[in-house]
Amino acid sequence: MAERRFCIGYALAPKKQQSFIQDSLVSLAASRGIDLVRIDTDRPLLDQGPFDCILHKYYGESWRKQLVEFRVKNPNALILDSPDSIGRLHNRISMLQVVSELKIDNANESFGIPKQIVIYDKETLFDRQAWEGLKFPVIAKPLVADGSAKSHKMALVFNHDCLNKLKPPIVLQEFVNHGGIIFKVYVVGQYVKCVKRKSLPDEPEAKLGNVEGLLSFSQVSNLTPREKINDKFYKMMQLDDTEMPPLSFVTDIARGLRRSLNLNLFNFDVIRDSKIGTRYLIIDINYFPGYAKMPGYEKVLTDFFCDLAQNKDPMKKNPDTQEGEDKIGSDRQLPVQTADQETRKIAIDEDDGGQSVNKEMKEETPVRD
Ligand SMILES: Nc1ncnc2c1ncn2[C@@H]1O[C@H](COP(=O)(O)OP(=O)(O)OP(=O)(O)O)[C@@H](O)[C@H]1O
Ligand SMILES: O=P(O)(O)O[C@H]1[C@H](O)[C@@H](O)[C@H](OP(=O)(O)O)[C@@H](OP(=O)(O)O)[C@H]1O
Ligand SMILES: [Mg+2]
Ligand SMILES: [Mg+2]
């Protein structure tokens, strides 16, 4: 009898496809009965396949509709992950709301998010009352976090004098000294991996010199797809002596976030407060990050795909009886307003899969060009 293979269709932007779909992943997956097949996003999804699972980091109303139709016609197929769940990460407020709601029992460490406010208009930006309780320096981040270059454009703000350079809607988040090192926690289903990266220095105003009240930056902790995280990398970046957060603590947070976000493929950024060494702050959550930078990502991802193929639903409480919680990738509507709803007017272009942003969106950056 012919071997039963599991077919995963993937829809990824070209850059993501290039970094993630490497021959080493495709061949390892194939050797274990998993076929990875590219979805041609220029053709109707329903004309392609059949797919047992769809893996995607692709946006736009047209794509979303196609996924809904696909689900109706293929009720047993998995969609990783649900567009509504991914949408929550496209707004830096709804993104971190889940962290504030998360409860984890841990006697030694605590976690939370930095103090932050959201500013929708210029008037509020200059209203000192709105700033009450917020201390300089702050980081101005675009409210929208949709993967566009502009959504990564940040600014360190040291005083009130340069506020006219900021362009709402933005989130103003207190800068927390954290020893210049950030922890990135990668989640793939039940798998959790924490790595270290270089971050902004403590007391940036003093360290980075006279910056006239505002300093723009972008993706300080990002690596190029070729830079893998290994011992050599830690030595070169002088990160090797930094103590990692306790793995069980990070894993508890990761699993809690996974459940409340209803997502299987994401990473989050954590910093350790230099003042309170056991206090951790989550500052960012990203959908489908650069997994290929993790050493051995091929095995991690292939193991996850095999679990899916064997119908081992890691989001369920009891994988044998399949009783318990939601089906993976289900379109469970979260009880909060999603980023898509909240920022509809600056949504990404409808038919280009989010590869470009519309005019309105181009203007939504924290710093004036
Ligand atoms: N509250 C904070 N306190 C101190 N440093 C911060 C804070 N928020 C962000 N940073 C620094 O700024 C960087 C960028 O911030 P953030 O991760 O929110 O942006 P991003 O563009 O979404 O990043 P990514 O490339 O991970 O998606 C972080 O990696 C960290 O170095
Ligand atoms: O493409 P957007 O939505 O902007 O998301 C990015 C994340 O924000 C980054 O965190 C990813 O890099 P890391 O995996 O190094 O964190 C980064 O990974 P990439 O370098 O493979 O593009 C992206 O996933
Ligand atoms: Mg980040
Ligand atoms: Mg991010």
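Whatever order the structure lists ligands and atoms in, that order sets their numbers, starting from 1.
For atom 18 (O) of ligand 1, the closest heavy atom belonging to the protein is Lys141 NZ, 2.7 Å. For atom 11 (C) of ligand 1, the closest non-hydrogen atom of the protein is Leu200 CD1, 3.8 Å. In this structure, atom 3 (N) of ligand 1 lies nearest to the protein heavy atom Val176 N, 3.0 Å. In terms of protein heavy-atom proximity, atom 12 (O) of ligand 2 is closest to Asn222 OD1, 2.8 Å. For atom 16 (O) of ligand 2, the closest heavy atom belonging to the protein is Lys184 NZ, 2.8 Å. The protein heavy atom nearest to atom 8 (O) of ligand 2 is Asn286 OD1, 3.0 Å. Remark: minimum distance from atom 29 (O) of ligand 1 to any protein heavy atom is reached at Ser221 OG, 2.8 Å. Summary of contacts: the protein heavy atom closest to atom 15 (O) of ligand 2 is Lys293 NZ, 2.7 Å. Among protein heavy atoms, the minimum distance from atom 27 (O) of ligand 1 is reached at Asn286 OD1, 2.8 Å. For atom 5 (N) of ligand 1, the closest non-hydrogen atom of the protein is His178 CE1, 3.3 Å. In this structure, atom 4 (O) of ligand 2 lies nearest to the protein heavy atom His152 NE2, 2.5 Å. Nearest non-hydrogen protein atom to atom 12 (O) of ligand 1 is Phe217 CE1, 3.5 Å. For atom 13 (C) of ligand 1, the closest heavy atom belonging to the protein is Val220 CG2, 3.5 Å.
In this structure, the side chains of Ile8 and Leu80 stay at 4.5 Å or more apart for every pair of heavy atoms. With a 4.5 Å cut-off on side-chain heavy atoms, Val118 and Pro169 do not count as touching.
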_Criterion salt bridge (Lys or Arg N to Asp or Glu O under 4.0 Å) on Asp303 and Arg32, from CA distance to verdict_ = CA-CA 9 Å; Asp303 287 347; Arg32 293 177 57 188; 2.7 Å; yes

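Counting the atoms of ligand 1 from 1 in the order shown, those under 4.0 Å from a heavy atom of Met154 are 15 (O), 19 (O), 20 (P), 21 (O). For ligand 1, the atoms sitting less than 4.0 Å from at least one non-hydrogen atom of Asp269 are 17 (O), 26 (O), numbered in the order shown with element in parentheses. Atoms of ligand 1 found under 4.0 Å from any heavy atom of Ser199 (numbered from 1 in listed order, with element): 30 (C), 31 (O). Annotation for ligand 1: atoms under 4.0 Å from non-hydrogen atoms of Gln219 are 25 (O). Using a 4.0 Å cut-off to heavy atoms of Gln173, the atoms of ligand 1 that qualify are 1 (N), 2 (C), 7 (C), 8 (N). Close contacts of ligand 1 with Ile182, meaning ligand atoms under 4.0 Å from a residue heavy atom, involve 28 (C), 29 (O), 30 (C). Here is the list of ligand 1 atoms found below 4.0 Å of a heavy atom in Ile139: 2 (C), 5 (N), 6 (C), 7 (C), 8 (N), 9 (C), 10 (N). If you number the atoms of ligand 1 from 1 as listed, the ones under 4.0 Å from a heavy atom of His152 come out as 20 (P), 21 (O), 22 (O), 25 (O), 27 (O).
With a 4.0 Å cut-off on non-hydrogen atoms, Asn267 touches ligand 2 through its side chain and not its backbone. Contacts between Phe20 and ligand 2, counted as non-hydrogen atom pairs separated by less than 4.0 Å, are absent for every part of the residue. Only the backbone of Glu174 comes within contact range of ligand 1, with a heavy atom under 4.0 Å; no side-chain atom does.
Among Ala13, Gly290, Ser148, Ser19, the residue whose heavy atom lies nearest to atom 18 (O) of ligand 2 is Gly290. The heavy atom nearest to atom 21 (O) of ligand 2, considering only Arg197, Lys16, Met294, is found in Lys16. By heavy-atom distance, the residue among Asn267, Asp284, Leu281 lying nearest atom 20 (P) of ligand 1 is Asp284. In this structure, of Lys57, Glu227, Lys15, the residue bringing a heavy atom nearest to atom 6 (C) of ligand 2 is Lys57.
Nearest heavy-atom pair across Tyr297 and Lys228 is CD2-NZ, 4.4 Å.
Where the criterion is an N or O separation shorter than 3.5 Å, residue side chain and backbone included, Asp284 fails it with respect to ligand 2. For ligand 2, one of its N or O atoms has an N or O atom of Tyr186 under 3.5 Å away. Residue Tyr287 has no nitrogen or oxygen atom sitting less than 3.5 Å from a nitrogen or oxygen atom of ligand 2, judged on distance alone.
Between Gln173 and the choices Arg92, Gln116, Lys115, the side chain to side chain donor-acceptor pair (under 3.5 Å) rule is met once, by Gln116. Between Tyr280 and the choices Phe249, Phe111, Phe268, the ring pair (Phe, Tyr, Trp, His ring centres under 6.0 Å) rule is met once, by Phe249.
More than 12 heavy atoms of other residues, nucleotides or ligands sit less than 6.0 Å from atom CD of Gln22. Within a 6.0 Å radius of CD in Gln238, other residues, nucleotides and ligands contribute 12 heavy atoms or fewer.
Not less than 6.0 angstrom separates the ring centroid of Phe20 from the ring centroid of Tyr10. Tyr287 and His90 have their aromatic ring centers separated by at least 6.0 angstrom.
Using a non-hydrogen distance threshold of 4.0 Å, Lys184 registers as a contact of ligand 1. Ligand 1 lies within reach of Arg92, whose nearest heavy atom is under 4.0 Å from it. By the 4.0 Å heavy-atom criterion, Pro114 is counted among the residues contacting ligand 1.
Judged by the 6.0 Å distance and 45° axis criteria, Lys196 is positioned over the aromatic ring of Tyr234.
For the pair OD2 of Asp284 and OD2 of Asp269, the angle whose vertex sits at the Mg ion (ligand 3) is 100° to 10 degrees.
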